[in-house]
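Here the structure comes first, spelled out in structure tokens, and everything after it is commentary.
Predicted model only: the values in this text are computed from it and were never measured.
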Amino acid sequence: MFKPARIQGVTLKNKIVALPVFTGYALPDARVGPLMLEHYRNLAKSGASVVTIPNVAIAENGRTSERCLLLDEDKHIQQVKRLIEVIRENNAVACVQLNHAGRYAVTNKPLLPSALDVVEATKSISALKNFMESFPFVKRFGLTAHVAKMTAGWTNQMTEDDIYDTINAFGDAAVRAVKAGADMIELHGASGYLITQFLSARTNRRRPPWGGLADDRMLFPLKVIDHIKTRLPENIPIGFRLLLDEIAVNGISTSESIKFAQKLEQKGVAYLSATIGTYQSIFKPEIAKQLTRPGYLTELTKELKRHVNIPVVISGRVVSPKLAEKILKNKEADFIGLGRPLLADINWIKKAKDGGQIIGCKSCNTCFQSVVLGESVVCERWPEVLRDRIHLETRFTSRHGYRTLVVLSSRADLEVTRQHMLHRIPIHTDIQDRLLFIKTGEDKSFFEAAKKFITWAEKYNKTHLRRDKTERFFIDNVQNPVDLVMEHLEDNFGIVAIVHDETSEWKKNLVLKAPPDIVVSRSGTHPNLNKVLIPCDLSPFTLMQIRAALHAFHGRSDVDFSFVHVTDSTGTAIERWQKIIKNFEMDPSTSLKVIKPGKELNVAETLLGEVRKGDYGSLILGRRGGLARVRRRIFGSVSERLLDQLPERSFALVG
């Protein structure tokens, strides 16, 4: 297992491959977020020779999830490059798996080899029953609606143009993957996605040349490979994730798959990564039981190896190093593929080499259920605090917390924002900002000053933040600024930033009208920007409040966070606080100040006193939005009072 090996000219340090397990760690706009970088850095450090980045979509209409990476445009190259760099920096070979989800894509008009009639659609929904029943009962209602909506769209048979456009898209994506630094490319021909749909007589009912007999149904993936090979350098191996058995009536059989594998070898495919089953078969009770057996693919991969000479990567619950060595010794595979075993225990390889008790995968499908529900992967084997942190990060990124709309309408706004960039702007490389310059008055020099500000900001970003170029819009003669900002907020922004101005009533109205799931940041002129007070009510909402605070001041060692809780009862406050801070990479000794309001003071007055006594320049407040249109209910009386009484302070209102 630990002997060096080669795949078509690429030298590997051992015979262990980190399989393409989809995590849903990408940001909703197909960019790489902190969780994703951390995950692939750890995978590369695990000791695997190859780390495969899964389900990179070749087209927008081919994404398996809203949290899926894309390579349909050159602008996405840099994102994939970031992952490849952390993989290669940690001594692993980087492989990019390209995919089009076909009928399983997150789109209103999925592409299918052939449309499903009512009878077949009904059968498909029936077959998905076991899939849905594998989820917790409370999760099934939304999932049932999702499946019904998805299957209702299975009527869009691909045209000839669709087919050739998709083939070209595979080639374009492969070129972009290589430009991003990929050492190898893998095509996803399993799980029931588009390539599988062409191969299966169950889902491909076209006539020749793209459908018909087994040889005809192989034409699409073979054309994809031909096209990619004409576009890539000869030293880039192309692998294939191969479905050995669809385990379905009229589906892909093992004999068909082996015949197809031989054609892949003839086309110059470098390796085959074997698996079985699709989403419509693997959840049937009798099959699900079979898939819990350690090494359940060994007989099929051994048969595959009898018919091909290229390397075969095995998956299928290789749960122990002893089993892995047995598979290699018996020539049942050439490489050991680890998917969920590495998810359950990132130290699996190190323990296999040096000894230690491996934490085994329970086959509970928690990881799979997470991504199907649009969340990020968690594993039941992980500590509870880590699972909670992943859930929190999913909530934060689902609200597009990494996209900020900055609204500027005066030269004073520009200067305040400049100071805040020097002190507050997060040191992230995955931030995307939009600067909205709106002229509402007679200041004719505002746009000229704005252009000078942009020149300064871009230089600052490039020098200090390594941030992508920000978007900017100049809009003159604005009659209704609030409506304009609200229109821009519909473009998936999670934060709107404004500068306090007592004379601009529209800014107050904007704070009131902003959607409840958008963070409203209001910049003030108080000098103590980095002295931050965070009033906490110790509800689960406090987690989001602190997450937003850490995001706003990411990487700043000079920030002084103070946490305060106002209550008449101090009983369990500290205990609840300790549970909350476990979700963050914070010093466990981080204290919470618990204050009892005086007899004549309410919570708002108590907090006002605390702010002034501590001379805090910034506050991170909860905004109880979305409950009603009444001002008090939108903000809560505490937040409203603080905003009114502390105009020079900076606020972040987290809904």
Side-chain angles (χ1 to χ4, degrees), residues 1-7 12-21 42-52 54 92-93 95 186 190-191 239 241-245 247 254 257-258 261 271-277 282 286-308 310-368 379-382:
M1 183 163 53
F2 292 103
K3 289 182 178 179
R6 289 172 70 82
I7 289 181
L12 308 178
K13 62 186 178 184
N14 58 43
K15 298 174 183 175
I16 305 170
V17 174
L19 292 173
V21 175
N42 290 339
L43 272 182
K45 287 181 176 180
S46 73
S49 62
V50 179
V51 174
T52 310
V93 168
C95 178
E186 179 175 294
S191 301
R241 183 73 165 159
L242 179 69
L243 186 68
L244 276 175
D245 193 334
I247 328 178
T254 301
S257 185
I258 288 176
Y271 69 88
L272 302 169
S273 179
T275 184
I276 60 172
I282 60 176
E286 66 277 12
I287 297 173
K289 184 177 180 179
Q290 174 189 342
L291 301 186
T292 62
R293 178 170 58 86
Y296 62 80
L297 272 182
T298 52
E299 294 179 8
L300 287 176
T301 53
K302 189 169 186 177
E303 179 65 14
L304 174 63
K305 279 184 58 61
R306 287 182 58 245
H307 294 88
V308 296
I310 55 177
V312 171
V313 182
I314 192 172
S315 58
R317 288 192 56 75
V318 183
V319 294
S320 69
K322 183 177 180 180
L323 175 59
E325 292 289 3
K326 180 181 178 182
I327 288 169
L328 296 175
K329 182 179 179 181
N330 292 345
K331 300 188 183 304
E332 293 163 336
D334 303 287
F335 289 87
I336 301 300
L338 298 177
R340 291 195 284 185
L342 271 185
L343 197 66
D345 191 345
I346 196 67
N347 295 311
W348 194 102
I349 299 170
K350 293 176 182 177
K351 291 176 180 178
K353 191 172 186 178
D354 303 328
Q357 183 66 42
I358 288 174
I359 302 170
C361 168
K362 295 166 58 178
S363 291
C364 62
N365 282 325
T366 297
C367 53
F368 177 76
C379 176
E380 283 294 325
R381 290 299 202 182
W382 294 350

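No donor-acceptor pair closer than 3.5 Å links the side chain of Ser315 to the backbone N or O of Gly337. The closest donor-acceptor contact from the side chain of Ser46 to the backbone of Leu43 lies under 3.5 Å.
The minimum heavy-atom distance linking Ala190 with Thr275 is given by the pair CB-CG2, 3.4 Å. Leu343 and Trp382 make their closest contact through O-NE1, 2.8 Å (heavy atoms, listed as atom of the first residue, atom of the second, distance). Across all their heavy atoms, Pro4 and Lys15 have their closest contact at O-CE, 4.3 Å. Here the shortest heavy-atom pairing between Ala92 and Ala48 reads CB-O, 3.7 Å. Across every non-hydrogen atom of Pro54 and Pro20, the tightest pair is CB-CB, 3.4 Å.
Put simply, CD1 on Ile346 and SG on Cys379 are 11.0 Å apart, with the number rounded to the nearest 0.5 Å. Note that CG of Leu300 is 11.0 Å distant from CD of Glu332, once rounded to the nearest 0.5 Å. Between the CG atom of Leu291 and the CZ atom of Arg317 there is a distance of 10.0 Å, given to the nearest 0.5 Å. Between the CZ atom of Phe335 and the CD1 atom of Ile16 there is a distance of 10.5 Å, given to the nearest 0.5 Å. Between the OG1 atom of Thr301 and the OH atom of Tyr296 there is a distance of 11.0 Å, given to the nearest 0.5 Å. In this structure, CG on Leu242 lies 5.5 Å from CG on Leu272, to the nearest 0.5 angstrom.
For Arg381, there are no side chain to side chain donor-acceptor pair (under 3.5 Å) partners, not counting sequence neighbours. Taking the side chain to side chain donor-acceptor pair (under 3.5 Å) definition, one finds that Ser49 meets it with Asn14, sequence neighbours left out. Every residue meeting the side chain to side chain contact (heavy atoms under 4.5 Å, CB included) condition with Ser273, not counting sequence neighbours, appears here in chain and number order: Leu19, Glu186, Arg241, Tyr271, Val313. Contacts of Ile247 classified as side chain to side chain contact (heavy atoms under 4.5 Å, CB included), with partners at least two apart in sequence or in another chain: Asp245, Ile276, Ser281, Ile287. With sequence neighbours excluded, no residue satisfies side chain to side chain donor-acceptor pair (under 3.5 Å) with Glu380. For Arg293, the side chain to side chain donor-acceptor pair (under 3.5 Å) test picks out no residue, with sequence neighbours left out. Residues satisfying the side chain to side chain contact (heavy atoms under 4.5 Å, CB included) criterion with Ala288, sequence neighbours excluded, are absent altogether. Under the salt bridge (charged side-chain N to carboxylate O under 4.0 Å, His left out) criterion, Glu299 pairs with no residue at all, not counting sequence neighbours.
Sequence neighbours left out, the pairs with a member in residues 334-344 that pass salt bridge (charged side-chain N to carboxylate O under 4.0 Å, His left out) are Lys305-Asp334.
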Atom pairs and distances, donor-acceptor, side-chain atoms in residues 320-328, under 3.5 Å, two or more places apart:
{"residue": "Ser320", "atom": "OG", "partner": "Leu323", "partner atom": "N", "Å": "3.1"}
{"residue": "Glu325", "atom": "OE1", "partner": "Met1", "partner atom": "N", "Å": "3.4"}
{"residue": "Glu325", "atom": "OE2", "partner": "Met1", "partner atom": "N", "Å": "3.4"}

Output a table of donor-acceptor pairs, distance under 3.5 Å, between side-chain atoms of residues 347-360 and any protein atom two or more places apart or on a different chain; print 'none' if there are none.
{"residue": "Trp348", "atom": "NE1", "partner": "Val319", "partner atom": "O", "Å": "3.2"}
{"residue": "Lys351", "atom": "NZ", "partner": "Asp345", "partner atom": "OD2", "Å": "2.8"}
{"residue": "Lys351", "atom": "NZ", "partner": "Gln357", "partner atom": "O", "Å": "2.9"}

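Taking the side chain as every heavy atom from C-beta outward, Leu12 and Val17 never approach each other to under 4.5 Å.
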